[in-house]
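Worth knowing before you read on, the calculation uses all heavy atoms, side chains too, and leaves out hydrogens, waters and symmetry mates.
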Amino acid sequence: MAQALRPNTAGSLFATDGKPHPLQDTLLAVTLVLGLTAFITSFFHSLHLLSSWTGLVAILTGAYGQWVSETTRERFGLILGLGAAGVGFFIGMAHGGLFGGVW
């Protein structure tokens, strides 16, 4: 009968504890958007500046988001964003890096 005491959190997308987490949700959204941007732009050699910078910012944002996250769903989304950001960042670095071969 223990399941009768647990709240139903299946409908919630981000907060599985029933509390609002605006900072964590914002970090999750920023990490996902920047990570996807870095991943998609890494397929184009001429967009290495965009992919490397957005990847770097998404990695930093996602790392801080992991540090302050409170629920498993937030961590799951952050890991997806961090993975995409890491791939985009490293491919962008391979194509020319953060400064476009200036240094």
Original post:
For the atom pair OG1 (Thr31) and CG (Leu60), what is the distance rounded to the nearest 0.5 Å?
Top reply: 9.5 Å
**OP:** Could you tell me which non-hydrogen atom of Gly35 sits nearest to which non-hydrogen atom of Ala84, and how far apart they are?
**Re:** O-CB, 3.5 Å
Subject >> Heavy-atom pair with the smallest gap, counting every atom of Leu34 and Ala58 >> reply: CB-CB, 3.6 Å
**OP:** Say whether Leu36 and Val30 are linked into one hydrophobic cluster, either directly or through other cluster members, by side-chain heavy-atom distances under 4.5 angstrom.
**Re:** no
Subject >> 4.5 Å side-chain heavy-atom contact, Ser69 and Leu78 >> reply: yes
Original post:
Distance-only, no hydrogens or angles: does the Gln66 side chain make a donor-acceptor pair with backbone N or O of Gly62 under 3.5 Å?
Top reply: no
Original post:
Just by modelled atom types, is the Gly97 backbone N or O under 3.5 Å from a matching donor or acceptor in the His48 side chain?
Top reply: yes
Subject >> Straight-line distance of Leu47 CG to Thr54 OG1, nearest 0.5 Å >> reply: 9.5 Å
**OP:** Determine, step by step, whether Phe89 and Phe39 satisfy the side-chain contact (heavy atoms from CB on, under 4.5 Å) criterion, reporting the C-alpha distance in whole Å, the side-chain angles of both residues, the deciding distance to 0.1 Å, and the verdict.
**Re:** CA-CA 8 Å; Phe89 174 72; Phe39 181 74; over 6 Å; no
Subject >> Gly92 versus Ser52, closest heavy-atom pair with distance >> reply: C-CB, 4.1 Å
Subject >> Verdict with supporting geometry, His95 and Ile91, side-chain contact (heavy atoms from CB on, under 4.5 Å) >> reply: CA-CA 6 Å; His95 285 171; Ile91 293 176; 3.7 Å; yes
Original post:
Between atom CD of Glu70 and atom NE2 of His21, what is the distance when rounded to the nearest 0.5 Å?
Top reply: 4.0 Å
Original post:
At what distance, to the nearest 0.5 angstrom, does CG of Leu98 lie from OG of Ser51?
Top reply: 9.0 Å
Original post:
Which ILVMFWY residues can you reach from Val68 by hopping between side chains whose heavy atoms are under 4.5 Å apart?
Top reply: Leu23, Leu27, Tyr64, Trp67
**OP:** Give the cluster check for Val87 versus Phe43: same hydrophobic cluster or not, with ILVMFWY residues linked at side-chain heavy-atom distances below 4.5 Å.
**Re:** yes
Subject >> Exercise: identify the closest heavy-atom pair between Gly77 and Leu28 >> reply: C-CD1, 3.3 Å
Original post:
Which atom names give the shortest non-hydrogen contact between Ala63 and Leu82, and what distance separates them?
Top reply: N-CD2, 4.0 Å
